[in-house]
Amino acid sequence: MSSSFRRLSLLGVFALSIVACGNKENAPAPAPDKTPEGAKLAPVDAKPEAKAEDKAEPKPADPMALADKQPEKGDGAGDKAPAQAKTPAASGGKAAPLPDAPNGILPKGAADKIIKLGGKPVVRLIEAGAEPRATVSYALKKGPTKPFSMGMDMQMGMKAGGMNLPATSLPRMIMLFDLAAGDRTAAGDWLVDGKLQRVDVEAKGPAQEKIAGALRPSLDSMKGLAMTYYVDEKGRVHDVKTKLPPTMPEQAAQLMAGMNQSIESMMAPLPEEPVGTGAKWEVIGRISANGADLLQVSTFTLKDRKDTLLTLDVGVKQLAAKDEVNAPGMPPGTTARIKSFQSGGTGSSSLDTTDVAPKSGTMNMKSAMSLEVKMPGGGGAPAQAQDTAIETIVGITFARPAK
């Protein structure tokens, strides 16, 4: 669940930032709030594109490559690897090795060779974990709606042309959903219904209150958003449908266009193979939301299991599947191209395999990207190009509050 809202929030800010570049008068005023201790935001200077001769040189370790690597076959045992170190066949399809991604952008067509846009996530077991092992699957229980609460804190910095928005703390946003699992279909999947009941914005200080005041009308219009989807016993979501409130303004509706893909990560996909404590598996997915096409690699670690209760740690890394961007809300004739992209983070969650959403959890993400934004010139003048650099730090907490 954490990754779904993370994608929605980061890409929403990304889209809004591009709009701000095209219309500087609508950019939020810088807030004096300091970045919380332990969450430093680096300068947002745009990074130059790598030259051809630089690409051939060895690259330093990527500090944002947080997804665990697959153990090498035979490591520490000559040509024979211990049984636990062998990589079983992928659950749901064989994952191709990730190609090099200069500046965090995959070569053209490379993502399609790994997973097609709209395809089911590829799940690959890395380590089976300690004995005893057992197959883990979802078995959702039909029943009344249950509340699900998500709180999001964000800091954003942006530099575009002559505009410099230093690290700015945005107001905390809290969303409350009602979720319920319905009947199981003949194919063995569950129908899930959800509805957004409330959206709150909590501001700290006058500067944040000014931003909150601008956000509240659009956020209030989101109340009543409804969604339905199906989920199978391994946590794979499909056939997502959303129904927007008729009062939602066009701009807010555009920013919610990626909800379908975001909901697909509502459940943590599980491997087919039996697993025990310490098990690790990799989930590769393709995300298309708010104009950005991303390849996401998530590595889950089973920290504890008690009957249907699972405690998971997760490391996430994202790569741009292509450099073109078509963010909603961009002015007519405006185009954007990603020049560099880094996104990664870590989190944890506690979930019950009989429930439609995690019981509790956290996710902390950092994203940095530089863009080239081209805007049409007025009166027949040539298009104007502008470099934009955006950095965000997002902290998310989620829980199941009492009714």
**Q** With side chain to side chain contact (heavy atoms under 4.5 Å, CB included) as the test, would you mind laying out the steps for Met156 and Thr168 before giving the verdict?
**A** CA-CA 5 Å; Met156 182 180 74; Thr168 302; 5.5 Å; no
**Q** Val237 and Met267: side chain to side chain contact (heavy atoms under 4.5 Å, CB included), yes or no, with the steps?
**A** CA-CA 7 Å; Val237 175; Met267 317 291 287; 4.0 Å; yes
**Q** Output, in order, the C-alpha distance, side-chain angles, deciding distance and verdict of side chain to side chain contact (heavy atoms under 4.5 Å, CB included) for Lys359 and Phe398.
**A** CA-CA 8 Å; Lys359 297 173 67 66; Phe398 46 96; over 6 Å; no
**Q** So does Asp153 pair up with Arg172, basic N to acidic O under 4.0 Å?
**A**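 A salt bridge is present here (some side-chain N lies under 4.0 Å from a carboxylate O).
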**Q** Under 4.5 Å between any side-chain heavy atoms of Thr277 and Leu302, yes or no?
**A** no
**Q** Between Pro245 and Ser221, what is the shortest heavy-atom contact and its length?
**A** CG-O, 3.6 Å
**Q** In Å, rounded to the nearest 0.5 Å, how long is the span from CZ of Arg400 to NZ of Lys146?
**A**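 If we round to the nearest 0.5 Å, Arg400:CZ and Lys146:NZ are 6.0 Å apart.
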**Q** Any chance you could measure Ile105, atom CD1, to Ser340, atom OG, to the nearest 0.5 Å?
**A** 6.5 Å
**Q** Any idea which heavy atoms bring Met365 and Ser343 closest together, and the distance?
**A** CE-OG, 3.6 Å
**Q** To the nearest 0.5 Å, what is the distance between CG (Leu371) and CD1 (Ile390)?
**A**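 Reported value, rounded in 0.5 Å steps: 5.0 Å.
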**Q** Tell me the closest heavy-atom pair linking Pro171 and Ala203, and the distance in Å.
**A** CB-CA, 4.2 Å
**Q** Can we say Lys108 and Asp323 salt-bridge, meaning some charged N sits less than 4.0 Å from an Asp/Glu carboxylate O?
**A**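 A salt bridge is absent here (no side-chain N lies under 4.0 Å from a carboxylate O).
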**Q** Glu273 versus Arg133: any side-chain heavy-atom pair under 4.5 Å?
**A** no
**Q** Hey, what do you get for OG (Ser298) to CD (Gln318), rounding to the nearest 0.5 Å?
**A**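 Those atoms lie 8.0 Å apart.
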**Q** Apply side chain to side chain donor-acceptor pair (under 3.5 Å) to Asp220 and list each qualifying residue two or more places apart in sequence or on a separate chain.
**A**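 Testing Asp220 for side chain to side chain donor-acceptor pair (under 3.5 Å), a comparison that skips the adjacent residues, returns none.
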**Q** Would a distance-only check, ignoring hydrogens and angles, find a side-chain to backbone donor-acceptor pair under 3.5 Å from Gln208 to Ser169?
**A**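 Present.
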**Q** Could you label the plane-to-plane angle of the Trp281 and Phe300 rings as parallel, tilted or perpendicular, counting under 30° as parallel and over 60° as perpendicular?
**A** parallel
**Q** Under the rule for ring pair (Phe, Tyr, Trp, His ring centres under 6.0 Å), what residues qualify as partners of Phe341, not counting sequence neighbours?
**A**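 Not a single residue meets the ring pair (Phe, Tyr, Trp, His ring centres under 6.0 Å) criterion with Phe341.
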**Q** Can you tell if the side chain of Val123 reaches within under 4.5 Å of the side chain of Leu270, non-hydrogen atoms only?
**A** no
**Q** Using the side-chain hydrogen bond (donor to acceptor under 3.5 Å, both in side chains) rule, take Thr308 and Asp352 through it: C-alpha gap first, then chi angles, then the decisive distance, then the call.
**A** CA-CA 5 Å; Thr308 62; Asp352 188 331; 3.0 Å; yes
**Q** Is any side-chain heavy atom of Lys141 closer than 4.5 Å to one of Asp355?
**A**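 They are not in contact (no side-chain heavy atoms under 4.5 Å apart), so the answer is no.
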**Q** For the residue pair Ile174 and Glu202, establish whether any side-chain heavy-atom pair is separated by less than 4.5 Å.
**A**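 The answer is yes; the side chains approach within 4.5 Å.
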**Q** Give me the atom names and distance for the closest heavy-atom approach of Val201 to Ala212.
**A**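 For Val201 versus Ala212, the nearest heavy atoms are CG1-CB, 3.6 Å.
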**Q** Do Arg124 and Glu282 sit within salt-bridge range, that is, some charged N less than 4.0 Å from a carboxylate O?
**A**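 Yes, Arg124 and Glu282 are salt-bridged.
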**Q** Using a 6.0 Å cut-off, check whether atom CZ of Arg198 has over 12 heavy atoms from anything other than its own residue.
**A** no
**Q** Establish, from distance only, whether the side-chain atoms of Asp313 and Ser348 form a donor-acceptor pair under 3.5 Å.
**A** no
**Q** Roughly how far, to the nearest 0.5 Å, is the CG atom of Leu244 from the CE atom of Met227?
**A**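 Met227 atom CE to Leu244 atom CG measures 12.0 Å (nearest 0.5 Å).
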**Q** State the CE-CG distance between Met175 and Asp200, to the nearest 0.5 angstrom.
**A**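 One finds 10.5 Å between CE of Met175 and CG of Asp200.
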**Q** Could you tell me if Arg305 and Thr353 have a donor-acceptor pair between their side chains, going purely by distance under 3.5 Å?
**A** no
**Q** Between Glu324 and Lys374 (salt bridge meaning N to carboxylate O under 4.0 Å), is one present in this structure?
**A** no
**Q** Please evaluate residues Val275 and Leu125 with respect to the criterion side chain to side chain contact (heavy atoms under 4.5 Å, CB included), reporting the C-alpha separation (whole Å), side-chain torsions for both, the decisive distance (0.1 Å), and the verdict.
**A** CA-CA 9 Å; Val275 293; Leu125 186 64; 3.8 Å; yes
**Q** Side chains of Asp189 and His238: do they bring a donor and an acceptor to under 3.5 Å?
**A**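 Their side chains do contain a donor-acceptor pair, which is all the 3.5 Å distance test asks for.
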**Q** Answer yes or no: are there more than 12 heavy-atom neighbours, outside Lys234 itself, under 6.0 Å from its atom NZ?
**A**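 Atom NZ in Lys234 is packed in, count exceeds 12.
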**Q** Less than 4.0 angstrom from a charged side-chain N to a carboxylate O is my criterion; do Lys159 and Asp387 meet it?
**A**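 So Lys159 does not pair with Asp387 through a salt bridge.
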**Q** Less than 4.5 Å apart, side chain to side chain, heavy atoms only: is that true for Met363 and Val314?
**A**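 A side-chain contact under 4.5 Å exists here.
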**Q** List the atom of Ser149, the atom of Leu176, and the distance in Å for their closest heavy-atom pair.
**A**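 The answer is CB-CD1, 4.1 Å.
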**Q** I want to check something: taking the side chain as every heavy atom from C-beta on, are Ile284 and Ile114 in contact at a cut-off of under 4.5 Å?
**A**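 With C-beta onward as the side chain, the pair touches.
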**Q** Is it true that a side-chain atom of Asp112 and a backbone atom of Lys116 form a donor plus acceptor pair closer than 3.5 Å?
**A** no
**Q** Evaluate the side-chain proximity of Asp100 to Leu106: yes if any heavy-atom separation is below 4.5 Å, no if none is.
**A**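 Side-chain contact under 4.5 Å: no.
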**Q** Could you pull out the closest heavy-atom pair between Gly182 and Lys142, with the gap in Å?
**A**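 Result for this residue pair: O-CB, 3.8 Å.
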**Q** State which residue, out of Leu319, Ile115, Val316, fulfils the side chain to side chain contact (heavy atoms under 4.5 Å, CB included) condition with Gln296.
**A** Val316
